[in-house]
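Report on the following structure.
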There are 2 protein chains.
Amino acid sequence: MRSYGQYCSLARALDLVGDRWTLLIVRELGVRGPSRYTDLRHGLPGIATNMLADRLREMEENGIVARVEAPPPIATTLFELTRRGQELMPVLFALGRWGAPLMGEQGEDEFRSHWLKYPLERLFADAAPDEPPVTLELRTGDEPIVVTTVDGEVRAHPGTAEHPDAVISGDPDVVIGVLRGSVDLRTAKRQGVRIDGDADALARVRPKAG
Amino acid sequence: MRSYGQYCSLARALDLVGDRWTLLIVRELGVRGPSRYTDLRHGLPGIATNMLADRLREMEENGIVARVEAPPPIATTLFELTRRGQELMPVLFALGRWGAPLMGEQGEDEFRSHWLKYPLERLFADAAPDEPPVTLELRTGDEPIVVTTVDGEVRAHPGTAEHPDAVISGDPDVVIGVLRGSVDLRTAKRQGVRIDGDADALARVRPKAG
DNA sequence: CAGCATCCGCTTTGATACTG
DNA sequence: CAGTATCAAAGCGGATGCTG
């Protein structure tokens, strides 16, 4: 990208990360950790392969991303955030929080379930932190997600749970609506959401105030 | 801009504010308050006039900016941030803080002194909050800035002070370097910085920890 | 002068095909 | 798997012209 040519820290930041796709690549590396090129492509639906290659090269030059050669048995190139890249997380959180009210209907948009990790962990909390912890499994999008309560907070990771307290499956927007409390259970079920197990466990994961 | 087509709050936020120039327009409206088209152009050196008109229209459609007809004697159109637009401030602050380490030399970059308002107020504090407050005047860039200490914090506004404790003038990068403590007074003076008044008052404005 | 709209050349982006 | 090559389309920057 062309530099803005302004002696201003915001403008200089945007000179480095204001390009199309750049912050979404940071999101992928932040959520997934060190990743292969192909996995990045999967997490960035819509990106052209040359775009991804170009951006990764620029971000490497700018000290945001590092390329590491994984030793056997992986034997492939991994991309990871540098320290400077990780320092972009507060920017992503601020932007993501600002965008939360825009998450109405999914419409035609693509969805990857690992995108839920940071929103769940930062925007949600355990409604009953003194009760024994609970484990939920979300089945929406391309892979299941395990959600657990820990010390009043919420943790989320891709994978399946051995003995979840509840399993919720359905379309992403409705599942998110149920967790946010903007869609009641009756409406959700009419829209194809299914809940197996203890519905009270589900109510433990609630949006934080503010 | 083309939508990313991703059901993710970060991607949806970038659909609205990820375009080139958009966040810098938010900066201008945030720092200056309701502004005329011409004043926005002055604060956004390098923008093409059709770009500014296009962006303002898009931002209005997206509920970030509102157009108000100022009554006489101003009798002109003013652009201002909506509430939703003001809610972007945490995003600007996060990006600006991330960009702070990039503020080395000014080089060929343009500079407008009102850009200093938020960095001064958010990244600096009063080093001796129990002492009587002080007033500084910065003469760098296109217009002077008055910096005052209030309740341990720092306030900055365009204008001149009646009886400033100190006046510091010189090139923006060196003046900023002195305030940040990354350039000592001897070096600064060799680079053309001049300090009139009480140099101790100047030392009251210090970068916050973190 | 304030507030745009138009035109034009250049750069960036996107879709697809192809390669070690 | 991890890219490169190619080409069309869209976006951007600069100059200029128009309207109250």
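Only heavy atoms go into these numbers, but all of them, side chains included; no hydrogens, no water, no symmetry mates.
A 4.5 Å side-chain heavy-atom check between B:Tyr37 and B:Thr77 finds every atom pair outside the cut-off.
Per the geometry, CZ belonging to B:Arg36 stands 10 Å off C1' belonging to C:dC1, to the nearest Å. For the pair A:Asp54 CG and D:dT4 C1', the interatomic distance rounds to 10 Å; values are reported in whole Å. Computed from coordinates, the A:Glu69 CD to D:dG3 C1' distance equals 13 Å when rounded to whole Å. Whole-Å rounding puts the B:His42 NE2 to C:dA2 C1' distance at 16 Å. Distance CG (B:Leu52) to P (C:dC4): 8 Å, rounded to an integer number of Å. Nucleotide D:dG3 holds its P atom 12 Å from the CD1 atom of A:Ile25, rounded to whole Å. Atom-to-atom, CG of B:Leu78 to C1' of C:dC4 comes out at 16 Å; the value is rounded to the nearest Å. Atom OH of A:Tyr37 is separated from atom P of D:dC1 by 12 Å (rounded to the nearest Å).
Under 4.0 angstrom from either OP1 or OP2 of C:dA2 there lies at least one side-chain N or O belonging to B:Thr38. In this structure, B:Arg57 reaches the C:dA5 phosphate: one of its side-chain N or O atoms is under 4.0 Å from OP1 or OP2.
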May I have the step-by-step check of salt bridge (Lys or Arg N to Asp or Glu O under 4.0 Å) for A:Asp165 and A:Arg204, ending in yes or no? CA-CA 11 Å; A:Asp165 296 281; A:Arg204 290 281 292 277; over 6 Å; no
Could you walk me through whether A:Arg41 and A:Glu28 pass the salt bridge (Lys or Arg N to Asp or Glu O under 4.0 Å) test, one step at a time? CA-CA 10 Å; A:Arg41 281 192 62 177; A:Glu28 283 304 302; over 6 Å; no
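In this structure, A:Arg67 places its CZ atom where more than 12 heavy-atom neighbours from other residues, nucleotides or ligands lie under 6.0 Å away.
Of the candidates C:dG3, C:dC4, D:dC1, C:dC4 carries the atom nearest the B:Phe79 side chain, counting heavy atoms from C-beta on.
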In B/S/- notation, 5' to 3', how is nucleotides 5-20 of chain D contacted by protein heavy atoms closer than 4.0 Å? BB-----SBB-B----
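For B:Arg84 and A:Trp98, the positive end sits near the middle of the six-membered ring, less than 6.0 Å away and at most 45° from its axis.
Using a 4.0 Å cut-off between a side-chain N of Lys or Arg and a carboxylate O of Asp or Glu, B:Arg57 and B:Asp54 qualify as a salt bridge.
Residues meeting the ring pair (Phe, Tyr, Trp, His ring centres under 6.0 Å) test with B:Tyr4, sequence neighbours left out: A:Trp21.
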